[in-house]
Engineer: 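After the structure tokens below, expect a handful of questions from me.
In this text, all values refer to a predicted model and were calculated from it rather than measured experimentally. Lettering of chains follows the sequences in order, A, B, ..., and the numbering in each one begins at 1.
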Protein chains: 2
Amino acid sequence: MQLPPLIQTFVLHFGEMGGRWGVNRTVGQIYALLFLSDRPLNAEQITEALGISRSNVSMGMKELEGWRLVRKRHLPGDRREYFEAPDDIWQIVRTLAEERRKREVDPTLSMLRDVLMEQPSGPEERHAQDKMRQMHDLIELLTGWAGDVQKLDNASLMGLLKLGAGVSKLLEIKGKLTVIGGGKRRNQATDEGEI
Amino acid sequence: MQLPPLIQTFVLHFGEMGGRWGVNRTVGQIYALLFLSDRPLNAEQITEALGISRSNVSMGMKELEGWRLVRKRHLPGDRREYFEAPDDIWQIVRTLAEERRKREVDPTLSMLRDVLMEQPSGPEERHAQDKMRQMHDLIELLTGWAGDVQKLDNASLMGLLKLGAGVSKLLEIKGKLTVIGGGKRRNQATDEGEI
DNA sequence: CCGTAATTTCAGAATTTTCTGAAAATTACA
DNA sequence: TGTAATTTTCAGAAAATTCTGAAATTACGG
């Protein structure tokens with residue numbers, strides 16, 4: 001690998017963190033490289049920059065496309081494929097959130113739904129099912145909210161983030177407005193402890 | 001492994017998902033078992049329930065304590081150690097968010113800070129550093145917000161979640177109130193695209 | 001369509017991670 | 001303090017993942 005030092009630091013870091021983020025070292029490095037690059041790169045260039053095999057790049061790209069974190073491009077007069085990482089950093093966050101939900105949360109939600117349909121066969125299973133229902137309801141609440149927030153445009157999203165702990169204050173205001181206007185609830189859960 | 005079917009399904013699922021969540025199969029299974037259990041369990045019981053070695057349980061517990069997802073307990077008249085998973089599901093979410101930030105985000109933030117101190121040695125590094133600054137600022141905004149929200153009590157947190165996309169409406173209201181009252185900003189970033 | 005450049009696939013090698021059993025260390029309490 | 005129960009450690013076995021090179025496939029330009 002022969003890269004400018006700042007870029008190399010970043011790329012190596014992404015390689016090491018890749019594991020914790022659910023991708024392998026190569027995939028992390030490829031994404032880092034594309035993210036920093038000011039132009040699309042082809043597989044050969046990535047191979048050279050990272051010192052990995054051509055086939056490894058091919059598999060890594062397939063994985064990154066699965067994550068919707070890279071796009072294919074074609075440069076005129078060049079029959080090779082080029083890759084680039086989308087620029088809008090807010091969109092990247094949305095994509096990551098969505099893909100991680102799909103991989104890390106949805107399967108569990110689905111399993112929980114199945115298991116909650118079953119009849120518990122005794123007090124032990126009854127208690128277990130209670131806990132599973134708590135988990136299920138909370139996950140639904142969280143993912144539903146995340147889905148809603150994801151749809152906000154960049155400016156609104158930034159507004160929300162800047163607010164920070166201020167949401168608390170805002171919620172109090174909302175409470176008062178709701179009493180007057182009679183706003184409707186998103187679901188029927190109660191307001192304390194149990195959801 | 002000899003467990004009631006509902007429990008077994010849940011435990012096996014957590015084992016399989018463990019990998020994607022940043023822990024190994026055993027750790028996922030142990031946590032699942034403790035989460036569903038209506039009483040603390042000792043290492044021997046976990047060994048039997050999951051069909052894994054005693055030493056593996058020991059290592060798994062250490063990992064789960066590192067995540068702050070289990071607590072040690074002592075039952076009177078029994079010198080063995082017992083383990084239990086905290087009950088408050090909201091607190092579990094906070095703990096998970098915190099620990100994942102510590103493992104998955106903080107190291108990157110730290111690396112970015114270091115790299116942003118360096119002088120870029122040419123246009124390529126300058127562009128790369130720009131992207132890194134974008135990433136750094138966005139991560140700070142996100143983690144700062146998450147940190148604030150984490151401090152909310154259960155009821156407020158639930159209020160926020162139920163709001164869903166309604167935050168958008170609420171933000172508009174806030175905008176108007178701010179014009180009147182002159183609220184202060186959390187940071188100096190601009191409101192569009194670039195953060 | 002032909003030839004060739006480019007990409008993908010995949011079997012097995014290399015590496016990393018997980019798990020176990022045996023031994024060492026720690027702990028409770030008699 | 002001695003002893004037996006319990007927990008932890010850790011070297012290496014087992015399993016899983018990642019990576020490569022060679023072969024197969026695809027896609028382009030003539």
Side-chain angles (χ1 to χ4, degrees), chain A residues 1 11-34 40-67 70-84 103-104, chain B residues 1 11-34 40-67 70-84 103-104:
Chain A
M1 196 191 305
V11 165
L12 290 178
H13 177 87
F14 263 55
E16 278 165 27
M17 295 299 284
R20 301 193 201 182
W21 297 336
V23 297
N24 64 37
R25 183 202 336 232
T26 306
V27 169
Q29 289 185 353
I30 295 176
Y31 180 73
L33 191 66
L34 289 174
L41 301 177
N42 64 40
E44 172 68 9
Q45 292 172 311
I46 295 170
T47 287
E48 279 172 19
L50 302 180
I52 59 181
S53 75
R54 180 64 184 72
S55 56
N56 203 2
V57 172
S58 180
M59 292 190 301
M61 296 313 312
K62 212 167 53 170
E63 169 101 8
L64 282 171
E65 287 178 65
W67 280 88
V70 301
R71 264 201 300 269
K72 283 183 179 159
R73 291 273 310 256
H74 277 98
L75 301 192
D78 188 334
R79 75 192 256 192
R80 284 168 296 184
E81 253 169 351
Y82 283 74
F83 301 93
E84 69 180 355
R103 289 153 213 253
E104 299 181 8
Chain B
M1 197 191 303
V11 165
L12 291 178
H13 177 87
F14 264 56
E16 278 165 26
M17 296 298 286
R20 302 193 200 182
W21 296 337
V23 298
N24 63 37
R25 181 200 340 231
T26 305
V27 170
Q29 289 184 352
I30 296 175
Y31 181 72
L33 191 67
L34 289 174
L41 301 177
N42 65 40
E44 172 68 8
Q45 292 172 312
I46 295 170
T47 287
E48 278 171 20
L50 303 180
I52 59 182
S53 74
R54 179 66 184 71
S55 55
N56 203 0
V57 172
S58 180
M59 291 191 302
M61 296 314 311
K62 212 167 55 171
E63 170 101 7
L64 282 170
E65 287 178 68
W67 280 87
V70 302
R71 265 201 299 269
K72 282 182 179 159
R73 291 273 310 258
H74 277 97
L75 300 193
D78 187 335
R79 83 190 246 192
R80 285 168 296 185
E81 254 170 351
Y82 283 75
F83 301 93
E84 70 180 357
R103 287 153 215 252
E104 299 181 8

Engineer: Quick one: A:L75 CG to D:dC28 C1', roughly how many Å, whole number?
Structural biologist: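 So the CG-C1' distance, A:L75 to D:dC28, works out to 16 Å.
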Engineer: Which dot-bracket notation, 5' to 3', represents the base pairing of DNA chain C when pairs are defined as Watson-Crick or G-U with both distances under 3.5 Å, crossing pairs as [ ], and inter-strand pairs as |?
Structural biologist: ||||||||||||||||||||||||||||||
Engineer: Looking at every heavy atom in both B:A32 and B:V11, which two are closest together, and how far apart are they?
Structural biologist: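 Between these two residues, the closest heavy atoms are CB-CA, 3.8 Å.
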Engineer: Check whether any side-chain heavy atom of A:E65 sits under 4.5 Å from a side-chain heavy atom of A:K72, and report yes or no.
Structural biologist: yes
Engineer: Looking at B:A49 and B:L33, what are the two nearest heavy atoms and their distance?
Structural biologist: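 Smallest interatomic distance, heavy atoms only, reads CB-CD2, 3.8 Å.
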Engineer: Output the rounded distance in Å from CG (B:N24) to P (C:dT18).
Structural biologist: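 Computing the B:N24:CG to C:dT18:P distance gives 5 Å.
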Engineer: In whole Å, what is the span from the CG atom of A:L50 to the C1' atom of D:dC19?
Structural biologist: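 Rounding to the nearest Å, CG of A:L50 and C1' of D:dC19 are 13 Å apart.
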Engineer: When the distance from CD1 of B:I52 to P of C:dG21 is rounded to whole Å, what number comes out?
Structural biologist: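 After rounding, the gap between these two atoms is 12 Å.
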Engineer: Using whole Å, what does the distance between atom P of nucleotide D:dT17 and atom CH2 of A:W21 come to?
Structural biologist: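 Checked: the CH2 to P distance equals 21 Å.
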Engineer: Does OP1 or OP2 of C:dT18 have a side-chain N or O of B:T26 closer than 4.0 Å?
Structural biologist: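 Checking C:dT18 against B:T26, no side-chain N or O comes under 4.0 Å of OP1 or OP2.
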Engineer: Do any pairs count as a side-chain hydrogen bond (donor to acceptor under 3.5 Å, both in side chains) and have a residue in residues 18-31 of chain B, sequence neighbours left out, and if so which ones?
Structural biologist: B:T26-B:N56
Engineer: So, the side chain of A:Q45 versus the backbone of A:N42: is there a donor-acceptor pair under 3.5 Å, distance only?
Structural biologist: yes
Engineer: What is the per-nucleotide protein-contact pattern of nucleotides 1-15 of chain D, from the 5' end, where B denotes a base atom under 4.0 Å from a protein heavy atom, S denotes such proximity for sugar-phosphate atoms only, and - denotes neither?
Structural biologist: ---BBSSBB------
Engineer: Is any side-chain heavy atom of B:E48 closer than 4.5 Å to a side-chain heavy atom of B:E44?
Structural biologist: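 In contact.
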Engineer: Side chains of B:V27 and B:W67, heavy atoms from C-beta outward: is any pair under 4.5 Å?
Structural biologist: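 They are not in side-chain contact.
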Engineer: Which pair of heavy atoms, one from B:P40 and one from B:E84, lies closest together, and at what distance?
Structural biologist: CG-OE1, 3.8 Å
